[in-house]
There are 2 protein chains.
Amino acid sequence: MRYYRFLSESGAKKPPQTITSAQIAAALDIDPTQVRKDFSAIGLLGIGRVGFEVCEVCRAIRVALGFDQRHEAVLIGTGHLGAALLAYSGFARYGLHIVAAFDMDQRLVGSKVAGCTVKSMRSLKPFIRKHGIRLALLTTPVEASQKLADRLVSVGVKAIWNFTPTRITVPPEVLVRDEHISLGLSVIAYHLTHEVDSPSS
Amino acid sequence: MRYYRFLSESGAKKPPQTITSAQIAAALDIDPTQVRKDFSAIGLLGIGRVGFEVCEVCRAIRVALGFDQRHEAVLIGTGHLGAALLAYSGFARYGLHIVAAFDMDQRLVGSKVAGCTVKSMRSLKPFIRKHGIRLALLTTPVEASQKLADRLVSVGVKAIWNFTPTRITVPPEVLVRDEHISLGLSVIAYHLTHEVDSPSS
DNA sequence: GATCAAACGTGAAAAAAATCTCATTAGGGG
DNA sequence: CCCCTAATGAGATTTTTTTCACGTTTGATC
């Protein structure tokens, strides 16, 4: 994951197209052995003295993580955050395509948000069924998230990307990925409060 | 961090105000011992047979993580994501207050985004100096992020919350918290591609 | 072509994290 | 008032992760 980001960024500009585990390790601030271990875990073998072929590695990671497959998703809640996600063009790199956006607010239905027409919640279930959608992005207000999650699961959604600051409960076979920012906030708050101490000591 | 979220959610509605490590562990799906270990690490001692006092724990976590202190921040880049962050009211719970928003686009300067007047980039440095800002939220396009980070560091910003999909490099004493969604995306893509196997096996 | 150095793969060792066990303490019931 | 259960705290144990060390492979150099 971190490898993929780093390699697809750096690999584009460099012609040699090979990289050593040591270089990767230095850039990502980890142990070279770790890199080799991880790579061999997904069936990647480097060659002595040369290292790894960047394109090869990227492809293997794409396959291992499923970025090579097309994943269609719906987005629910076209507020600020929903709009930001719709406008983000980087998802395609990972095989993710947001094919429809929905919102509770009937006044928004029919309007365009980031080039995507907002659909009514009434058409949510039929749409998911018809297109076999398995992933939903939740960017709704807190109150609605749990009920919505239940509805989504009942029509066959297999994964929910939860951007609301709520814990939602689902059957075990469904994946919920919480994208809370509170964790990052913790790290920052901790640093800011304790940062004064470290330089002086 | 997870504790704080859980306790401040559940604690509000329950009068008893005490909770056992086992209850917390069950809710967060971890080991009860882990909870006790973590709590004792920040100087929290439960009492036999009763458990832990919810308010007490919350307060200790707030202090330990620095949520009890006021952190003022500036936000740079008032696009969709910037607007979403400005509109999010949950930051105050963690002591974070976004006191100003800036944008490159001169046409946006002066307009209101989520109740906050957008300021010109020219006033960024003086503003940070004047108010002693130590944290900046970056929600700009990719191209600008590194140059902006350098500028921020040069005027004394001690932490950068990076919402752009770019790695930025800063002096070691400055904290950069990357809020990339690619990691979450990895988890989801992996689940969606491999999910078919697990139920059948 | 033979040698040398750089980088890999792998198995062992060390470190860290999670888990288990148990003695201790504190409330509740008889 | 004493015992019993429920929950803690801390030490021991196990598991996982990270790191180290060494033998092997491969391209470059003489």
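Throughout, protein chains are lettered first and strands after them, A, B, ... in sequence-line order, and every chain is numbered starting at 1. Not measured: the values here are computed from a predicted model.
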So which protein N/O to nucleotides 11-14 of chain D N/O distances come out below 3.5 Å?
unit_1: D:dG11; atom_1: O6; unit_2: B:Lys37; atom_2: NZ; d: 3.2

Item to check | N/O donor-acceptor pair under 3.5 Å between B:Arg2 side chain and B:Leu28 backbone | outcome: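 Looks like yes, one N/O pair under 3.5 Å.
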Given atom [atom1] of [X] and atom [atom2] of [N], what is their separation to the nearest angstrom?
| X | N | atom1 | atom2 | answer |
| --- | --- | --- | --- | --- |
| A:Ile24 | C:dA7 | CD1 | C1' | 12 Å |
| A:Asp31 | C:dA14 | CG | P | 16 Å |
| B:Ile47 | C:dG28 | CD1 | C1' | 15 Å |
| B:Ile19 | D:dA6 | CD1 | P | 18 Å |
| A:Glu53 | C:dA7 | CD | P | 17 Å |
| B:Phe52 | D:dA7 | CZ | C1' | 9 Å |
| A:Asp38 | C:dG9 | CG | P | 12 Å |
| A:Glu56 | C:dC8 | CD | C1' | 16 Å |

Next on the checklist: Check this for me: does the side-chain of B:Arg49 come within 3.5 Å of the base of D:dT8 through a donor and an acceptor?
Outcome noted: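 Under the 3.5 Å cut-off, the side chain and the base do not form any donor-acceptor pair.
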Checklist entry - For B:Thr20 and A:Gln34, take the nucleotide of DNA chain D holding the closest heavy atom to each; which residue's nucleotide lies nearer the 5' end? => result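 In this pair, the answer is B:Thr20.
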Checklist entry - Distance check: side-chain N/O of A:Ser40 vs OP1/OP2 of C:dG9, anything under 4.0 Å? => result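 No, because none of the side-chain N or O atoms of A:Ser40 sits under 4.0 Å from OP1 or OP2 of C:dG9.
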Checklist entry - Taking all atoms of both residues into account, what is the closest heavy-atom pair of B:Phe6 and B:Ile19, and its distance? => result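 Looking at all heavy atoms of both residues, the closest pair is CE2-CD1, 3.9 Å.
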Checklist entry - Which residues satisfy the salt bridge (charged side-chain N to carboxylate O under 4.0 Å, His left out) test with A:Glu179, sequence neighbours excluded? => result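 In terms of salt bridge (charged side-chain N to carboxylate O under 4.0 Å, His left out), with neighbours along the sequence ignored, A:Glu179 is linked to A:Arg177.
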Checklist entry - Looking at A:Val174, A:Ile160, A:Ile133, A:Leu135, which one forms a side chain to side chain contact (heavy atoms under 4.5 Å, CB included) with A:Leu152? => result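 Exactly one candidate clears the test, A:Ile160.
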Checklist entry - How would you list, by chain and number, every residue that makes a side-chain contact (heavy atoms from CB on, under 4.5 Å) with B:Asp103, sequence neighbours excluded? => result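 Per chain and number, B:Asp103 pairs via side-chain contact (heavy atoms from CB on, under 4.5 Å) with B:Thr78, B:Asp105, B:Leu108, B:Val118.
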Checklist entry - Taking the side chain of A:Arg36 as heavy atoms from C-beta outward, which of D:dG9, D:dC20, C:dC8 is closest to it? => result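 The answer is C:dC8, which lies nearest to the side chain.
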Next on the checklist: Given C:dG27, D:dC20, D:dG9, identify the nucleotide with an atom nearest to the side chain of B:Val50.
Outcome noted: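 Nucleotide nearest to B:Val50's side chain: C:dG27.
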Next on the checklist: So A:Leu44, base contact, sugar-phosphate only, or nothing? Heavy-atom distance under 4.0 Å.
Outcome noted: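 Answer is sugar-phosphate: A:Leu44 comes under 4.0 Å of backbone atoms only.
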Next on the checklist: Categorize B:Ile30 for me: base, sugar-phosphate, or nothing, with a 4.0 angstrom heavy-atom threshold over every strand shown.
Outcome noted: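 Touches nothing.
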Checklist entry - Hey, what's the ring geometry for A:Tyr94 with A:Phe67, parallel, tilted or perpendicular (30° and 60° as the breaks)? => result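 Taking A:Phe67 first and then A:Tyr94, their aromatic rings stand perpendicular (interplane angle over 60°).
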Item to check | Neighbour count >12 (heavy atoms, 6.0 Å) for atom OH, B:Tyr190 | outcome: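 Incorrect, the count does not exceed 12.
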